[in-house]
Amino acid sequence: MDTLSNIVEINNLTKKFGEKIIFKELSINFKEKEITVILGPSGIGKTTLLRCICGLETVSDGEITINNQPYIKFGEVVDKKNTQKVLNDVGLVFQDFNLFPHLTVYENIRIIVKDDKLVKYWLTELGMFEKKDLYPFELSGGQKQRVAIARALILKPKLLCFDEPTSNLDSSLKMNIASIIKKISKTGTSVIIITHDELFADAVADNIIKFTDLSTNVSCR
Amino acid sequence: MDYYLTLINQLFLGALVTLKFFILIGIVSLFFGLLVSILGLVSNSFIKRIINIYVLIMRGTPLLLQLITIYFGLPIIGLSLSRTVAVLIAFALNYSAYFSEIFRGGFESIDKGQFEAAFVLGMKKRDTYKKIVLPQVIKRVLPSISNEIITLVKDTSLIYVVGLGELLRMGKIASNRDASLVPLLFVGLIYLLIIYALTKLLKRWERSYGYFE
């Protein structure tokens, strides 16, 4: 018997850019406390789907429910005034990390939550406390990623999303990030990862959803 | 020797007037330029159109003409302004337009990812602009802003047209009085000194933003 509930439920989601259909009537459930990898070639719409879940894209039609809270219904945000409240449960680690270049590692996190103990905790957990006074341009790709992860985790999201987490990393660091993600998942945080890296997906995922063509109806439950 | 001391004293008074207007206009224009550019980013299309027309008029007509219109033209419709106020308004309107375009370019050059990162981290729009975007914009626009500031020092010489005794006017008066070009040579040297000092200050300001890339 399946006892885990869903952290994200997507029903009949359609997304268009102009006349171009990115995905049509897509229905997927993402189980909570698990690492779900969406695997597929570049350009198929995986990142767009992730961006819809994180509130960075509008949708044309359909529903998104996050942590049992309705976020989007009939293609519209349900409660525009409380959107942030729903999205607070979602964290995102961008493919390009998007660290704030004028702030040190420490400040990049402290600007979100002014709690020095918590900032120190997450930087230490991610092995970046010693680099806390450096600026992003002084960090390697792997180090930037760890800072981006710490920054996303500081808000204690129930769901942490990763957009192509291995694309800016040397192959030697890919398994390193896989073990960090598994460690995060063990704390009870649900994880959704977008990637085209099959080896990485196999190493890290509890579930893998393969996308080949999203422009026709896709249902993955 | 007495002649030169008297001349320098006269030119020094003119330089003080130049600097007074330069500082006042500079501060007001930078503030309004930033305000206009932010308004242009967050407003509806109607306000954006008004801003575009304003910038076109200010950049499309000579500053001297704008100054003459405000000081000599407005009294025709019953609005008389003092020379100081007329100069401040004309220059502020003109330079704010230039600064607003520089700031606009700066804002538009900021990667969309910075705004998105702030959004997913729950930052309010105001904090995003103030703490994340603006510091990066300032670093990018400083060279262009510095250029305009240096131009402003020299443009203040235009205020002679409303009879204010700034540096160049004082030099011309002395030159005509003494039938000599020496006063104008001194004027040139004083402008050079002012701009040299300003350039050093502006370079220091730019370097202060050099701690990040």
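All of these numbers come straight from a predicted model, not from anything done at the bench.
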With a 4.5 Å heavy-atom cut-off (strictly below), which parts of residues 109-138 of chain B touch chain A? List them by number. Asp111(B), Lys112(B), Gly113(B), Gln114(B), Glu116(B), Ala117(B), Ala118(B), Phe119(B), Val120(B), Leu121(B), Gly122(B), Met123(B), Lys131(B), Ile132(B), Pro135(B), Gln136(B)

Crowding at NZ, Lys172(B) (>12 non-hydrogen neighbours, <6.0 Å): no

Residue Phe12(B) excluded, over 12 heavy atoms near CZ under 6.0 Å: no

Using non-hydrogen atoms and a limit below 4.5 Å, what part of residues 13-34 of chain B faces chain A? none

Listed by residue number, which members of residues 97-118 of chain A have a heavy atom under 4.5 Å from any heavy atom of chain B? Asn98(A), Leu99(A), Phe100(A), Pro101(A), His102(A), Leu103(A), Ile111(A), Ile112(A), Lys114(A)

Look at atom NZ of Lys203(B) and say whether more than 12 heavy atoms of other residues, nucleotides or ligands are closer to it than 6.0 Å. no

Non-hydrogen contacts under 4.5 angstrom with chain B: give the residues of residues 138-155 of chain A involved, or none if there are none. Arg151(A), Ala152(A), Leu155(A)

Please name the pair of heavy atoms, one in Tyr211(B) and one in Phe137(A), separated by the smallest distance, quoted to 0.1 Å. O-CE2, 3.3 Å

Whether over 12 other heavy atoms sit under 6.0 Å from Glu130(A) CD: no

